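Here the structure is a predicted model, which means the values were calculated and not measured. Here, residue 1 is the first one in the sequence, and each next residue gets the next number.
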Amino acid sequence: MLSLKCDNCGAEMSVSSAGDLLCPYCGTKSSFSDAELLEYKAFRRRLLEYLAAVSDNKQSSADDEAIWSMAEAVSFPTNNGPVITVNHLFKATIDDVEMYMARRNIVTIFDRGAAPKRDTTVQNIQKITFPRADSRHLEQCVPQIAGSYELTDGRQMLIFSKNESFYPLALFGNLPYEHTAWVVSRMENIACLLEYNDLVHNGFSPDTLFINPKTHEAALLGAWWLAEPMNAANSTKDLLGLRQVAKDLLKPTYADIPPMFKKFLEEKPADDAFADFSKWDYVIENGLGGRKFHKLELGVRG
């Protein structure tokens with residue numbers, strides 16, 4: 001994994017959708033050097049080739065080991081416990097909380113003084129209940145807590161289990177409308193689960209959403225400290241959030257997507273997630289040619 005450090009404060013820089021570098025801690029903006037840009041593009045191409053092989057069911061155990069050999073390792077000493085080493089291919093900072101994607105886990109680090117965020121995360125996840133008819137499928141849509149540790153520097157760690165085949169949506173870059181459509185369907189599923197629990201997540205984004213490119217499944221695995229009880233004022237925030245995610249995925253081709261798809265993304269959401277999903281289902285059947293499974297093909301621009 002390519003690691004780029006901020007010259008101002010030493011923190012790890014994040015890469016924006018425009019390809020610029022931004023420090024999430026001090027706000028410093030920068031640009032890739034020629035060497036860094038080549039390294040980033042090489043890493044990105046290798047990763048997309050691997051994800052495409054996953055989607056096409058052509059990856060092998062050797063491919064798995066090759067891509068994970070590119071992971072970066074970071075170690076966290078714990079109080080009265082082991083030193084936990086996290087090998088990760090993806091890192092994001094959301095609301096000053098660090099999130100690392102390991103092979104079978106999501107590791108979240110809360111800064112000193114952020115114990116309320118950690119506690120709220122646990123409480124919100126534990127509140128989730130599932131309709132009996134679909135509990136097995138829906139359980140994978142939300143994090144499953146696998147461990148909690150206090151670090152020697154006063155920070156707090158929460159570990160979530162993760163299906164090995166789920167990857168952050170942010171890794172895929174922009175997607176054609178056919179694939180963005182199934183991502184919208186999965187986000188609508190998740191919004192309905194949240195509505196069923198009278199919760200608003202408040203954090204739909206390419207960093208918090210994870211997808212399985214082979215099975216077209218999705219999970220909302222980040223930023224659960226932002227969730228709050230649903231009320232009249234916030235009831236459509238996640239429906240607006242999923243629309244923004246779709247627009248971000250479609251940026252290069254947004255002007256050319258089918259008219260009914262664009263209308264759905266631009267118009268006001270329905271009053272609740274179940275009615276909104278019904279509206280989206282109408283778009284699929286009447287504006288996108290019905291439900292079809294499109295194999296995900298990925299490429300690298302530039």
Please answer: with hydrophobic residues joined when any side-chain heavy atoms are less than 4.5 Å apart, are Phe274 and Leu193 in the same cluster?
no
With a 4.5 Å heavy-atom cut-off, do [X] and [Y] have their side chains touching?
{"X": "Tyr282", "Y": "Met260", "answer": "yes"}
{"X": "Lys91", "Y": "Glu98", "answer": "yes"}
{"X": "Leu239", "Y": "Leu242", "answer": "yes"}

Are Trp224 and Phe160 close enough that their ring centres sit under 6.0 Å apart?
no
is_close_aromatic(Phe210, Phe90), centroid dist under 6.0 Å:
no
Non-hydrogen atoms of [X] and [Y] that approach each other most closely:
{"X": "Asn202", "Y": "Asp238", "value": "N-OD1, 2.9 Å"}
{"X": "Lys127", "Y": "Asn197", "value": "O-OD1, 3.5 Å"}
{"X": "Pro258", "Y": "Leu288", "value": "CG-CD2, 3.6 Å"}

If only atom types and distance count, is the side chain of [X] paired as donor or acceptor with the main-chain N or O of [Y] below 3.5 Å?
{"X": "Lys162", "Y": "Phe166", "answer": "yes"}
{"X": "Asn163", "Y": "Ser165", "answer": "yes"}
{"X": "Asn212", "Y": "Lys214", "answer": "yes"}

Tell me whether Lys117 is salt-bridged to Asp111, with the criterion being a basic N under 4.0 Å from an acidic carboxylate O.
no
Gap between atom [atom2] of [Y] and atom [atom1] of [X] - 0.5 Å precision:
{"X": "Leu265", "Y": "Lys263", "atom1": "CG", "atom2": "NZ", "result": "11.5 Å"}
{"X": "Thr78", "Y": "Glu150", "atom1": "OG1", "atom2": "CD", "result": "9.5 Å"}
{"X": "Thr208", "Y": "His201", "atom1": "OG1", "atom2": "NE2", "result": "5.5 Å"}

In sequence, state the C-alpha distance, the side-chain angles, and the governing distance for Lys237 and Asn234, and then conclude on side chain to side chain contact (heavy atoms under 4.5 Å, CB included).
CA-CA 5 Å; Lys237 288 183 72 174; Asn234 66 15; 3.6 Å; yes
So, [X] versus [Y]: side-chain donor-acceptor pair below 3.5 Å or not?
{"X": "Asp248", "Y": "Gln244", "answer": "yes"}
{"X": "Gln140", "Y": "Glu217", "answer": "yes"}
{"X": "Asn87", "Y": "Glu72", "answer": "no"}

Does Arg243 count as lying over the ring of Phe264, i.e. NZ or CZ under 6.0 Å from the six-ring centre, within 45 degrees of the axis?
yes
Under 6.0 Å from the ring centre and within 45 degrees of the ring axis: does the NZ or CZ of Lys262 meet both conditions for the six-membered ring of Tyr254?
yes
Please lay out, stage by stage, how Val107 and Ile109 fare under the test side chain to side chain contact (heavy atoms under 4.5 Å, CB included).
CA-CA 7 Å; Val107 178; Ile109 306 295; 4.1 Å; yes
Could you check Glu267, Glu188, Glu285 and say which one makes a salt bridge (charged side-chain N to carboxylate O under 4.0 Å, His left out) with Lys279?
Glu267
How are the rings of His216 and Trp182 set relative to one another: parallel (under 30°), tilted (30 to 60°) or perpendicular (over 60°)?
parallel
